[in-house]
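Data first, discussion second: the structure below is written as structure tokens.
For the single chain, residues carry numbers from 1 onward in sequence order. These numbers come from a predicted model, not from an experiment.
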Amino acid sequence: MWLFSSVFEQSVLHAIMGEGVYLRVPQMKDFASWQALREESRDFLTPWEPLWPVDDLTKGAFRRRLRHYARDMQRDEAYPLFIFRAADDCLVGGLTLSNVRRGVCQAASLGYWMGARHAGRGYMTAAVAAVIPVAFDVLHLRRIEAACMTHNAASIRLLQKLGFVSEGYAREYLCINGTWEDHFLFARLRSDGMKPQLSQEAPVVPWRERSSPLPPDVAVEG
């Protein structure tokens with residue numbers, strides 16, 4: 001759906017605008033901000049994420065990450081985004097639509113993370129609310145899925161607020177911080193029709209679509 005030739009070309013993709021935030025594809029110029037935010041948030045994030053590689057915060061690893069992102073987007077397998085505060089362009093977190101399935105499925109998995117000093121300020125709620133119409137109207141998904149650790153009260157509240165419906169309980173669903181954790185399963189359908197419960201509807205600036213038809217950041221934590 002999205003025209004994409006290189007993660008280094010800023011003009012290819014437009015930002016998704018939300019309430020007080022905007023989202024765009026990560027770029028190499030984001031490395032220093034990303035590294036600093038992830039490092040200072042390590043203790044906050046590690047209980048909710050897979051084990052970090054030893055070299056995770058190096059420039060080389062970040063460059064490989066961008067190449068991985070580029071490949072995933074070109075293959076219509078995942079769409080990674082960084083979240084920025086609109087007032088000052090400060091990086092506050094990230095969000096990914098991953099595990100995109102087409103054909104008779106038309107679904108993807110939602111995952112996200114937030115920097116420790118930016119948590120609890122509504123940025124992630126605004127970011128997810130902004131991405132929902134893009135997922136349905138631009139990517140033409142019918143279903144957005146999310147898996148949430150059973151004791152992650154903040155993510156449970158966020159998903160419920162934005163119209164995600166609890167669909168079940170998955171035992172030892174994902175390996176988080178070295179431990180296989182049980183998860184609640186949530187999903188939101190295009191046909192659910194519920195507007196995100198924000199003070200005002202977040203505008204969306206659609207990203208360019210590819211001319212041809214469409215044929216981790218997996219856990220929703222942080």
Side-chain angles (χ1 to χ4, degrees), residues 1-35 37-38 41 45 48-49 62-100 107-115 118-119 121-141 144-146 155 158-159 162 164 188 196 198 202-210 214 216-222:
M1 293 300 300
W2 293 346
L3 178 65
F4 187 86
S5 58
S6 169
V7 291
F8 303 102
E9 295 182 23
Q10 300 180 31
S11 61
V12 173
L13 299 178
H14 298 289
I16 299 173
M17 307 304 298
E19 185 175 320
V21 300
Y22 65 90
L23 303 89
R24 64 163 171 77
V25 171
Q27 300 169 7
M28 198 63 209
K29 68 178 183 179
D30 300 319
F31 170 69
S33 297
W34 174 86
Q35 180 193 50
L37 184 60
R38 295 283 294 181
S41 304
L45 292 172
W48 313 108
E49 297 188 348
F62 187 77
R63 193 179 299 275
R64 290 192 298 273
R65 183 184 294 266
L66 294 189
R67 291 180 182 136
H68 181 80
Y69 289 164
R71 183 198 66 192
D72 286 350
M73 294 181 68
Q74 288 171 334
R75 295 177 179 178
D76 185 38
E77 294 177 352
Y79 294 93
L81 301 164
F82 278 176
I83 305 165
F84 297 86
R85 185 166 55 207
D88 57 4
D89 301 316
C90 175
L91 176 66
V92 299
L95 180 155
T96 302
L97 288 170
S98 64
N99 192 26
V100 177
S109 300
L110 171 68
Y112 51 75
W113 64 272
M114 178 60 60
H118 304 298
R121 301 186 179 185
Y123 298 138
M124 189 58 70
T125 301
V128 176
V131 164
I132 287 172
V134 174
F136 290 144
D137 299 334
V138 179
L139 288 180
H140 303 296
L141 299 174
I144 306 171
E145 301 171 342
S155 281
L158 185 153
L159 293 169
L162 294 179
F164 284 76
R188 176 167 168 163
L198 298 178
V204 176
V205 180
W207 294 4
R208 299 183 199 170
E209 298 187 14
R210 292 189 296 199
L214 287 172
D217 297 350
V218 175
V220 184
E221 315 295 351

Quick check: closest heavy atoms across [X] and [Y], and the distance to 0.1 Å?
X      : Y      : value
Met124 : Leu95  : SD-CD1, 4.5 Å
Ala108 : Val100 : CB-CG2, 4.0 Å
Val21  : Ala127 : CG2-N, 4.0 Å
Ser98  : Ala78  : CA-CB, 3.8 Å
Phe62  : Gln27  : CE2-O, 3.5 Å
Met17  : Ala130 : O-CB, 3.8 Å

Practice task
Under the ring pair (Phe, Tyr, Trp, His ring centres under 6.0 Å) rule, collect the residues that match up with Phe136, sequence neighbours excluded.
Solution key: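 Testing Phe136 for ring pair (Phe, Tyr, Trp, His ring centres under 6.0 Å), a comparison that skips the adjacent residues, returns none.
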
Problem - Parallel, tilted or perpendicular: rings of Phe82 and Trp113 (30°, 60°) - result: perpendicular

Reported [atom1]-to-[atom2] distance for the pair [X] and [Y], which is rounded to 0.5 angstrom:
X      : Y      : atom1 : atom2 : result
Leu139 : Ile144 : CG    : CD1   : 9.0 Å
Leu91  : Gln35  : CG    : CD    : 12.0 Å
Leu97  : Tyr79  : CG    : OH    : 9.5 Å
Tyr22  : Ile16  : OH    : CD1   : 13.0 Å
Asn99  : Asp72  : CG    : CG    : 10.5 Å

Exercise for the section: Decide side-chain contact (heavy atoms from CB on, under 4.5 Å) for Leu158 and Tyr112; before the verdict, give the C-alpha distance in whole Å, the side-chain angles of both, and the deciding distance to 0.1 Å. Expected result: CA-CA 12 Å; Leu158 185 153; Tyr112 51 75; 3.8 Å; yes

Fill in the blank from the handout: salt bridge (Lys or Arg N to Asp or Glu O under 4.0 Å) filter on Asp30, not counting sequence neighbours, yields Arg24

What I'd like to find out is whether the side chain of [X] reaches to under 4.5 Å of the side chain of [Y], using heavy atoms alone.
X      : Y      : value
Thr96  : Tyr69  : no
Arg121 : Val92  : no
Leu110 : Phe164 : yes
Pro26  : Arg65  : no
Arg63  : Phe31  : no
Pro80  : Met73  : yes

Handout entry: Arg64: side chain to side chain donor-acceptor pair (under 3.5 Å) partners, not counting sequence neighbours
Key =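 Expected list: Asp55.
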
Completion exercise
By side chain to side chain donor-acceptor pair (under 3.5 Å), Arg85 pairs with (sequence neighbours left out) Asp88, Tyr123

